Amino acid sequence: MADKKVYVTDESSGTQLNLPVILGTEGEPTLDIKALPSTLGYFTYDPGFAATAACTSKITFIDGGKGILRYRGYPIEQLAERSTFVEVSYLLLYGELPTETQLNHFRDELTYHTMVNEQLNHFISGFHYDAHPMAMMAGVVGSLAAFYHNRLDMENPEHRILSAKRMIAKMPTIAAACYRHHMGWPVGYPQNSLRFCERFLHMMFSVPAETYEVSEVAAKALDLLFILHADHEQNASTSTVRLVGSTGANPYACVAAGISALWGPAHGGANEAVLEMLDEIGDISNVPKYVKRAKDKSDPFRLMGFGHRVYKNYDPRATIIRAACYEVLDELGKDDPMMDLAMELERIALEDDYFVEKKLYPNVDFYSGIIYKALGIPVSMFTVMFAIARTVGWVSQWLEQCETPTKIGRPRQVYAGPVERRYRALHRRS
Ligand code: SDX
């Protein structure tokens with residue numbers, strides 16, 4: 001992979017180091033700096049890892065400048081239009097689109113693992129009714145290891161893939177149980193006769209006293225959102241899963257850490273924060289005031305759902321979701337003034353030099369909440385929805401790391417604390 005040469009010369013010692021250039025599949029050049037400390041005695045400093053590749057991966061490719069996203073080489077636009085979340089899950093896990101037989105078998109495997117140990121439902125019932133569902137998810141998913149301690153040999157590939165499928169299958173069941181606990185409803189058990197998204201919506205919204213017909217429109221919209229949120233290369237939560245996995249921790253602990261990282265409003269928590277922001281803006285007439293606040297460095301307010309570490313162009317997922325908003329609202333016969341507000345906010349921001357110069361465009365989180373809201377998903381559950389979908393990416397990346405010789409992740413630092421000093425007895429301190 002390395003065929004170009006870049007040299008670093010330390011003028012103080014006259015030592016020169018050749019830094020091999022690693023070329024990714026799409027020709028993206030990366031400097032291999034592994035030899036820097038031992039040869040020139042230098043570390044590199046890159047807070048937030050904005051310029052640092054932590055791994056090689058074959059799963060997802062993003063070109064931030066061109067707004068390109070591909071899962072295993074397939075453009076997100078084609079998968080969004082023609083695939084399903086279960087098929088995309090197979091693709092991310094195994095690297096190839098399944099045959100019909102493989103897909104049916106994979107779907108049956110996921111269906112087989114939808115139930116959770118009944119003790120987990122008692123665990124969930126112990127939370128306060130208005131606990132944030134992401135707090136519940138992080139706790140409950142981390143506890144799954146307590147139920148599968150006999151199949152956690154991470155050196156055993158069968159245990160690894162089984163753990164991965166268990167999490168993909170059980171996340172919707174756990175998510176729905178968290179929501180139902182909040183609503184004061186009895187546990188909703190998975191109906192395995194239903195498909196993935198229909199089954200989730202049924203677990204979320206069915207009540208014992210009435211029959212519940214799942215809306216095909218809602219299930220299709222959810223399937224699209226899950227496809228779009230499934231993976232996104234080395235984002236903060238996936239990098240967290242990899243870092244935790246590099247210590248040999250079990251996959252449930254890794255995914256629980258990923259859930260916690262995703263919760264932050266700078267990451268997956270942004271979809272919830274967007275709706276809260278739109279609610280606070282309230283009316284189109286207030287948009288200029290909030291855009292002004294977003295540009296004011298002395299004001300911590302940011303336009304939630306705008307900007308991205310990698311995309312310096314329109315997030316291709318936002319483009320797809322924005323179009324889907326209209327279809328879903330129309331097919332469900334719903335009108336949401338927040339959609340008009342979001343569109344006006346986008347229009348004004350994208351005409352403003354600040355956002356244009358900083359290449360701040362709507363990201364995946366800007367419009368997704370409009371659809372979740374139309375499906376009856378409460379705002380507090382928006383990031384849980386993101387976590388259900390991203391579990392596929394997390395476990396796919398975790399499996400890839402398990403199958404690759406990996407050193408424990410352990411970044412260095414620039415020490416800025418005090419030099420050595422002597423301990424002073426208590427009575428001698430002023
Ligand atoms: C996700 O990494 C992924 O792939 C994530 C994700 C995935 O699928 O996993 O795509 C999902 O997390 C999407 C992002 C959701 N978060 C938000 O919408 C929160 C609002 N966005 C920002 O917090 C911010 O844009 C980030 C966190 C998304 C990106 O931050 P960066 O890359 O660290 O960029 P930055 O903070 O250094 O911003 C660069 C400049 C700064 O101004 P200057 O210091 O250069 O003057 O742009 C400004 C920022 O102040 N800026 C914003 C802004 N985002 C960046 N100003 C106003 N509003 C914003 N939203």
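Note that the structure is predicted; figures quoted are calculated from it, not measured. Counting starts at 1 for both ligands and their atoms, in listed order.
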Can we say [X] and [Y] salt-bridge, meaning some charged N sits less than 4.0 Å from an Asp/Glu carboxylate O?
X: Arg322; Y: Glu346; value: yes
X: Lys66; Y: Glu26; value: no
X: Lys220; Y: Glu216; value: no
X: Arg293; Y: Glu280; value: yes
X: Glu158; Y: Arg151; value: no

Polar side chain donor-acceptor pair, [X] to [Y], under 3.5 angstrom:
X: Asn271; Y: Ser368; value: no
X: Ser57; Y: Glu400; value: yes
X: Asp10; Y: Tyr42; value: yes

Is there a polar contact, in the sense of an N or O pair closer than 3.5 Å, between [X] and ligand 1?
X: Phe386; result: no
X: Ala266; result: yes
X: Ala270; result: no

* Would you mind running through ligand 1 and noting each atom that sits below 4.0 Å from a heavy atom of Leu303? =>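 Per the distance check, 20 (C), 58 (N), 59 (C), 60 (N).
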Under a 4.0 Å heavy-atom limit, does [X] contact ligand 1 with its side chain, its backbone, both, or neither?
X: Lys295; value: neither
X: Leu360; value: side chain
X: His308; value: both
X: Tyr354; value: side chain
X: Pro265; value: backbone
X: His229; value: neither

Does the protein come close to [atom] - that is, does one of its heavy atoms sit below 4.0 Å from that atom?
atom: atom 30 (O) of ligand 1; result: no
atom: atom 5 (C) of ligand 1; result: yes
atom: atom 60 (N) of ligand 1; result: yes

* Looking at Tyr361, does the NZ or CZ of Lys359 lie under 6.0 angstrom from its six-membered ring centre and within 45 degrees of the ring axis? ->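 Geometry flag: not set, cation outside 6.0 Å or 45°.
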* Can you figure out which of Arg302, Lys312, Lys359, Arg309 has its heavy atom closest to atom 36 (O) of ligand 1? => Arg302
* Tell me which one of Asp365, Thr238, Asp296 gets a heavy atom nearest to atom 1 (C) of ligand 1. => Asp365
